[in-house]
J.: 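Below you will find the structure I want to go over with you.
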Amino acid sequence: MKYLELKVNLPKEISEEFTEFLDSISVEGYYEILFDSTLPRPASGEILRDDTNIQVYLGEFDREKELKIIIYLKARASGNSFIESRIVETKEFEEAYKEFYKPFQVGENYWIIPTWEKESEISKKVHAESNNVILYMNPGLAFGTGHHETTKLMISRIEKIVKEGMSILDMGTGSGILSIAAAYKKVKEILAIDIDPNAVRATEFNWAENRFPSPVDFKVLEGGFDHPEIEKKSYDLMLGNITYAVISQNIEFIKRIKTNRFLFSGLIIEKKEDSIKLFSEHLGGKLAYEEQFNDWIILEWER
């Protein structure tokens, strides 16, 4: 099977908006190249850039979505974006991101190790430190590599507030990274939900790659906030690394979730006040914790 690969260069300031657009038109997959060694270093000598590259994958003959992407870039970043395309085989499509996904630390003790790096020297070194908690991940094309600010905020907070014996609801699980991070805290049960079947498969794979310190009643299902399985149980904590748009559109379902504690990330700082107002009006309760990382914020809400 073949795919149409688009390498898109665009300003960082609209990258989140662009990926939301990609979600809305249901592309086969995408990922951001966080550091591209093939690009020249800026004249200033700094590695950080104002632009970013996002690799997008479509069906081999899906010219309609390709045209929509081109029109989007012309409308939002005319003269300040670039796109090139090529046809790739399935193996290239699935393996391309591995070049840019290496072991790294999140929070105080968590380490994200790609499944194909299990026997690498850095993996052995991380293993040698007794306090390290290792999450083996193969995100594939599901959201949740751990690199994004929102995921780092979530994992760092999970490290501090998730306790043994908890029941967790993980909405928009992506690669399953947050569920896996929580499972290493010896929680009792986790229900993970995602509307993307690729995310469900990625989560199942990643869960099987990890070895947890105690048994966890774990289930991952395809669906949204209206999934009937959600209302069957109560939860000590709901995890939601999802955008404000998705949260606001589903707030009526969210308020019916049987929990008194929510952890929301995926929020840009400009949406902080809107989020607080939304939660106050529909969930009741109060803001228990907040933290900002670059342009992103995490809000812990209690009712």
Side-chain angles (χ1 to χ4, degrees), residues 1-40 48-102 114 116 137-151 172-177 194-203 205-206 222 241-243 245-246 266 268 295-296:
M1 187 173 180
K2 296 182 179 180
Y3 293 88
L4 178 63
E5 177 189 79
L6 307 177
K7 184 172 183 179
V8 179
N9 178 268
L10 74 169
K12 278 187 177 180
E13 62 185 20
I14 65 167
S15 62
E16 180 68 17
E17 176 189 319
F18 179 62
T19 56
E20 288 184 8
F21 168 73
L22 295 178
D23 288 334
S24 73
I25 64 173
S26 301
V27 300
E28 294 295 324
Y30 63 85
Y31 66 93
E32 183 176 5
I33 300 176
L34 298 172
F35 175 70
D36 192 342
S37 59
T38 66
L39 294 176
L48 295 178
R49 309 174 65 97
D50 293 328
D51 61 334
T52 189
N53 289 308
I54 296 179
Q55 216 93 327
V56 184
Y57 293 91
L58 307 174
E60 181 181 4
F61 303 107
D62 198 343
R63 300 302 175 183
E64 181 180 344
K65 289 180 183 175
E66 181 186 17
L67 181 59
K68 287 181 178 179
I69 292 171
I70 293 172
I71 293 171
Y72 175 93
L73 292 171
K74 289 290 185 183
R76 293 290 293 117
S78 180
N80 203 19
S81 62
F82 175 78
I83 183 171
E84 61 181 7
S85 64
R86 65 174 182 143
I87 299 298
V88 297
E89 299 286 347
T90 300
K91 184 175 178 60
E92 292 179 87
F93 165 67
E94 293 176 342
E95 302 291 321
Y97 63 89
K98 290 184 178 181
E99 180 182 352
F100 305 97
Y101 191 48
K102 301 298 181 182
W116 58 90
M137 298 296 301
N138 184 341
L141 292 167
F143 179 82
T145 62
H147 281 115
H148 198 275
E149 290 95 331
T150 59
T151 311
T173 190
S175 64
I177 191 169
D194 203 291
I195 61 172
D196 184 354
N198 289 324
V200 172
R201 289 192 290 271
T203 297
F205 176 88
N206 288 324
E222 181 183 344
N241 187 9
I242 43 185
T243 64
V246 174
I268 57 175
D295 295 326
W296 303 91

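The model shown is predicted, which means the values in this text are computed figures rather than measured ones.
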J.: Show the numbers, then the answer: is there a side chain to side chain contact (heavy atoms under 4.5 Å, CB included) between V56 and I83?
T.: CA-CA 10 Å; V56 184; I83 183 171; over 6 Å; no
J.: So do the side chains of N206 and I177 get within less than 4.5 Å of each other, counting heavy atoms only?
T.: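 No - every pair of side-chain heavy atoms lies 4.5 Å or more apart.
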J.: Could you tell me the separation between the CD atom of E149 and the CG atom of D295, rounded to the nearest 0.5 Å?
T.: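 Going from the CD atom of E149 to the CG atom of D295 covers 7.5 Å.
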J.: If I compare all heavy atoms of G176 with all of T203, which pair ends up nearest, and what's the gap?
T.: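 So the minimum-distance heavy-atom pair works out to N-OG1, 3.2 Å.
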J.: Over all heavy atoms of both residues, which pair between S175 and M137 is shortest? Give the atoms and the distance, please.
T.: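 So the minimum-distance heavy-atom pair works out to OG-CE, 3.3 Å.
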J.: Under 4.5 Å between any side-chain heavy atoms of T52 and L10, yes or no?
T.: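 Yes, their side chains come closer than 4.5 Å.
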J.: Can you tell me if D194 uses its side chain to pair, donor with acceptor, with the backbone of V200 under 3.5 Å?
T.: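 No, the answer is negative, given that no donor and acceptor are paired below the 3.5 Å cut-off.
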J.: Examine distances only and state if a side-chain atom of S81 and a backbone atom of P11 form a donor-acceptor pair shorter than 3.5 Å.
T.: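 A pair under 3.5 Å: no.
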J.: Is the side chain of K7 donor-acceptor paired with the backbone N or O of R86 at a distance under 3.5 Å, no angle test?
T.: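 Answer holds: no.
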J.: Looking just at side-chain N and O atoms, do E5 and Y57 make a donor-acceptor pair shorter than 3.5 Å?
T.: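 Looking only at side-chain atoms, Y57 and E5 do form a donor-acceptor pair, the distance falling under 3.5 Å.
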J.: Looking only at the side chains, is there a donor atom on one of N241 and T150 sitting less than 3.5 Å from an acceptor on the other?
T.: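 A pair is found: one side chain offers a donor N or O, the other an acceptor, under 3.5 Å apart.
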J.: Return yes if some donor-acceptor pair links the side-chain N/O of D51 with the main-chain N/O of N9 below 3.5 Å, else return no.
T.: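 Looks like no, no N/O pair under 3.5 Å.
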J.: With sequence neighbours left out, write down each residue that passes ring-ring contact (aromatic ring centres under 6.0 Å, His included) with Y72, or none if nothing qualifies.
T.: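 If we apply the ring-ring contact (aromatic ring centres under 6.0 Å, His included) test to Y72, skipping adjacent residues, the hits are F18, F21.
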J.: As an exercise, state the distance from CD1 of I195 to CG of D23, rounded to the nearest 0.5 Å.
T.: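 Result: 7.5 Å between the selected atoms.
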J.: If you take all heavy atoms of E60 and R63, which pair is closest and at what distance?
T.: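 Minimum heavy-atom separation between E60 and R63: O-NH2, 4.0 Å.
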J.: To the nearest 0.5 Å, what is the distance between CD1 on I14 and OG1 on T19?
T.: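 Here the interatomic distance stands at 10.5 Å.
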J.: Which pair of non-hydrogen atoms, one from S85 and one from E66, has the smallest distance, and what is that distance?
T.: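 Smallest heavy-atom distance, with atoms named: OG-OE2, 4.0 Å.
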J.: Look up atom CG in L58 and atom CD in E64, then write down how far apart they are to the nearest 0.5 Å.
T.: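 Reported to 0.5 Å precision, the distance equals 11.0 Å.
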J.: Do the non-hydrogen side-chain atoms of L4 and D62 ever get within less than 4.5 Å of each other?
T.: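 No, every pair of side-chain atoms sits at 4.5 Å or beyond.
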J.: CG of D196 to CZ of R201: how many Å apart, nearest 0.5 Å?
T.: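 Spacing of CG (D196) from CZ (R201) equals 7.5 Å.
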J.: As an exercise, state the distance from CD1 of I268 to CD of E16, rounded to the nearest 0.5 Å.
T.: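 With rounding to 0.5 Å, CD1 (I268) is 8.0 Å from CD (E16).
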